[in-house]
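Here the structure comes first, spelled out in structure tokens, and everything after it is commentary.
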Amino acid sequence: MGSNYQKGLYKDYERLVIAHTKLDKEYDLLKYKYHLQEQKIARLKKKEEELTAKSEDLLSQVEALKKEVARLTALMNADGNNSSLPTSQTPLHKKKRIPNSRPKTNKHIGGQPGHTKKKLEPFKEEEVTEHEIHMEPVCPKCGGELEQLDDDTTRDELDYEVTVRKVRHHFPNCRCKKCGKTTHAQIPQTLSGENQYGPRTRALILALANDGNMSMNKIGRTLKGLTNGEICPSEGYIAKQQRIAAQRLEPFNRSLRQEICKLPLVYWDDTVIMISKRRGCLRFYGDERLAYYCAHEKKNKEGLDKDNILQLLPPTTKVMHDHNKVNYNKVYKFYNVECNAHLLRDLQKVTDNLQHQWSGVLKKLLEGTNQERNEAMARGEKIFRDEREREFYETYDSLLLQGIEENEAEKEKRYFVSEERALLTRLCKYKDNYLAWVSNWRLPFSNNLSERSLRGVKSKLKVAGQFQNVETASCYAKIRSYIETCHRNGVNVVYALELLCQGTPLTLEDILQKDAD
């Protein structure tokens, strides 16, 4: 009995062992399965994190690409109407916009009815230098002999010819009958060499180089053609004339700078020029009568201080510029007047890039008010009525407030939003400087005079490419100051340059006196 019981217990034990072993195997399997699932979940989680990071990176790239597309679109849409891009650089896909501030009319292009036709007047008899007789040898109808009648048909022709002069200057030696000393007349500096070109030739060289913006090799070719090969200066000689002329104009440029410091309104601007493959600067100061140019290696305040003009201007002087923030430096005492032509382009750029309303309305307000002012000035008026001026300023302030609201409403920080905010800040901060022309009609609307004054150097660079060094650029600036000041005061430039080449250039007083006469 006991033996059977023990056998039964043993069998139960064996079953339990088998079951336990089976459960251990199942547990190991489940444990391994759980481990694999943990690894799989970890891999999936890691992959999910990678995909999330990649998705975020792709989204940021998409946003960056959207902004880049907007930026490139803005660049493609940039022209002379919404940026400082010159019309010559208008993209090929866009129509060239030629700036014209005059109001549109229904009149046809060209001379209007009643316009005096400009043509050459018939010569007076004493003015005629040559007579040429044109006669048929025989009658064109029958071939018979012709006889000349008292009346004839005339045509006047105005032309010129170049006469080459080869002058030999003699300085004979003389002996004093009293003391026996031998001497001769003093040789002028203009005849320092045994052989040299005359002042007219040198004046023409300077005119072609600095007023006509011709390259040195073309100047030589042009003179050679005009004189039938008699006069053909080398490029080295032409470069030397630049240095000599600039040296002789030092006193003139000092007087010119001093006179500019006395002006009640000074225009100034600068533009980039290339000097020995680097970006340099050509700067203009002046007004309708005076033009003073300076060249520098860099476009910075150090160059402004070296010009020694702005720091000498008193608080009563108004200075027109293109929002050069250096003008607001505390060392300067003058009153700043901002250019509205650049502002109009900035406003148009906001309209093109963001399609906001305030910028377009403000642009029309400024243009319309300026046109209204010009028409009133033509009628002899001196100032806006108080209520009209108050209405303008109220409209201006409300448009700025509208612009701030439109800018803040941009949920998506699109391209150019920050630039718009900067423009709004500038319009608030420099309101009086931008709108000085509204209350003071003696002040200009824009800095267009400076823009026109610097336009010639761009043509010069298109021909020459660059200046060899800052000295050659300075020579050009000094000669250009003399030429442009003569031109603005009605002085014949070639005549003024001829006097310069003779060593007796016109003084600033001479030039201004000629204009007064």
Side-chain angles (χ1 to χ4, degrees), residues 1-79 82-85 89 91-94 279 325 345-362 398-429:
M1 183 70 181
S3 175
N4 290 333
Y5 177 74
Q6 288 178 351
K7 287 180 179 180
L9 290 174
Y10 181 75
K11 287 182 179 180
D12 290 338
Y13 171 75
E14 283 183 340
R15 283 196 299 272
L16 290 173
V17 170
I18 292 170
H20 178 71
T21 303
K22 187 177 180 181
L23 289 173
D24 276 347
K25 290 180 179 180
E26 290 179 359
Y27 172 76
D28 290 339
L29 184 62
L30 289 173
K31 186 177 179 181
Y32 183 69
K33 184 178 180 182
Y34 176 76
H35 179 66
L36 291 176
Q37 287 178 342
E38 276 190 332
Q39 289 183 335
K40 184 177 180 181
I41 291 171
R43 287 197 299 271
L44 291 174
K45 189 175 181 181
K46 185 178 180 181
K47 190 172 183 179
E48 182 183 7
E49 291 174 351
E50 291 176 352
L51 290 174
T52 301
K54 190 174 182 180
S55 176
E56 291 175 352
D57 183 53
L58 289 173
L59 287 174
S60 64
Q61 288 184 34
V62 169
E63 291 301 319
L65 289 172
K66 284 182 179 179
K67 291 184 178 181
E68 181 66 9
V69 168
R71 185 185 71 83
L72 293 174
T73 302
L75 287 176
M76 289 181 65
N77 291 333
D79 55 24
N82 57 14
S83 69
S84 298
L85 192 73
Q89 296 182 20
L92 294 176
H93 68 283
K94 295 201 71 177
R279 291 165 65 89
K325 293 185 72 174
R345 293 197 288 266
D346 291 338
L347 292 171
Q348 185 63 45
K349 198 168 186 178
V350 171
T351 304
D352 291 346
N353 289 330
L354 297 175
Q355 291 77 48
H356 286 176
Q357 298 297 317
W358 73 273
S359 54
V361 179
L362 180 56
S398 64
L399 287 173
L400 288 191
L401 182 60
Q402 179 185 341
I404 294 171
E405 292 173 353
E406 287 188 57
N407 182 268
E408 291 177 346
E410 285 288 349
K411 294 181 180 179
E412 299 178 1
K413 299 300 180 183
R414 292 192 292 162
Y415 168 75
F416 206 74
V417 169
S418 59
E419 287 84 350
E420 180 192 38
R421 190 179 303 112
L423 176 61
L424 286 164
T425 303
R426 174 157 43 105
L427 290 176
C428 293
K429 184 176 181 180

Quick one: are [X] and [Y] in side-chain contact, heavy atoms under 4.5 Å?
X    : Y    : value
E419 : L423 : no
L401 : S398 : no
E49  : K45  : yes

*Yes or no on side-chain contact (heavy atoms from CB on, under 4.5 Å) for V17 and E14, after CA distance, side-chain angles and deciding distance?*
CA-CA 5 Å; V17 170; E14 283 183 340; 5.6 Å; no
Return the [atom1] to [atom2] distance between [X] and [Y], rounded to the nearest 0.5 Å.
X    : Y    : atom1 : atom2 : result
K22  : E26  : NZ    : CD    : 6.0 Å
T52  : L59  : OG1   : CG    : 10.5 Å
E420 : I404 : CD    : CD1   : 10.0 Å
R421 : F416 : CZ    : CZ    : 12.0 Å
S359 : L400 : OG    : CG    : 11.5 Å
L362 : L347 : CG    : CG    : 5.0 Å

*Please assess Q39 against L36 for the test side-chain contact (heavy atoms from CB on, under 4.5 Å), listing each intermediate value before the final yes or no.*
CA-CA 5 Å; Q39 289 183 335; L36 291 176; 3.8 Å; yes
*asked:* I'd like to know whether E405 forms a side chain to side chain donor-acceptor pair (under 3.5 Å) with H356, so could you lay out the CA-CA distance, the side-chain angles of the two residues, the decisive distance to 0.1 Å, and finally the verdict.
replied: CA-CA 10 Å; E405 292 173 353; H356 286 176; over 6 Å; no
*For the pair V350 and Q355, evaluate side-chain contact (heavy atoms from CB on, under 4.5 Å) and give the outcome as yes or no after the intermediate values.*
CA-CA 7 Å; V350 171; Q355 291 77 48; over 6 Å; no
*asked:* Can you list everything that forms a side-chain hydrogen bond (donor to acceptor under 3.5 Å, both in side chains) with E38? Sequence neighbours excluded, please.
replied: Y34
*By side-chain hydrogen bond (donor to acceptor under 3.5 Å, both in side chains) - contacts of Q402 (at least two apart)*: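 Q402 satisfies side-chain hydrogen bond (donor to acceptor under 3.5 Å, both in side chains) with E406 once adjacent residues are dropped.
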*Please answer whether the main-chain N or O of K349 pairs with a side-chain N or O of N353 as donor and acceptor at a distance below 3.5 Å.*
yes
*Ignoring hydrogens and geometry, is there a side-chain-to-backbone donor-acceptor pair from N407 to V417 under 3.5 Å?*
yes
*Worked verdict on K47 versus L51 for side-chain contact (heavy atoms from CB on, under 4.5 Å)*: CA-CA 6 Å; K47 190 172 183 179; L51 290 174; 4.2 Å; yes
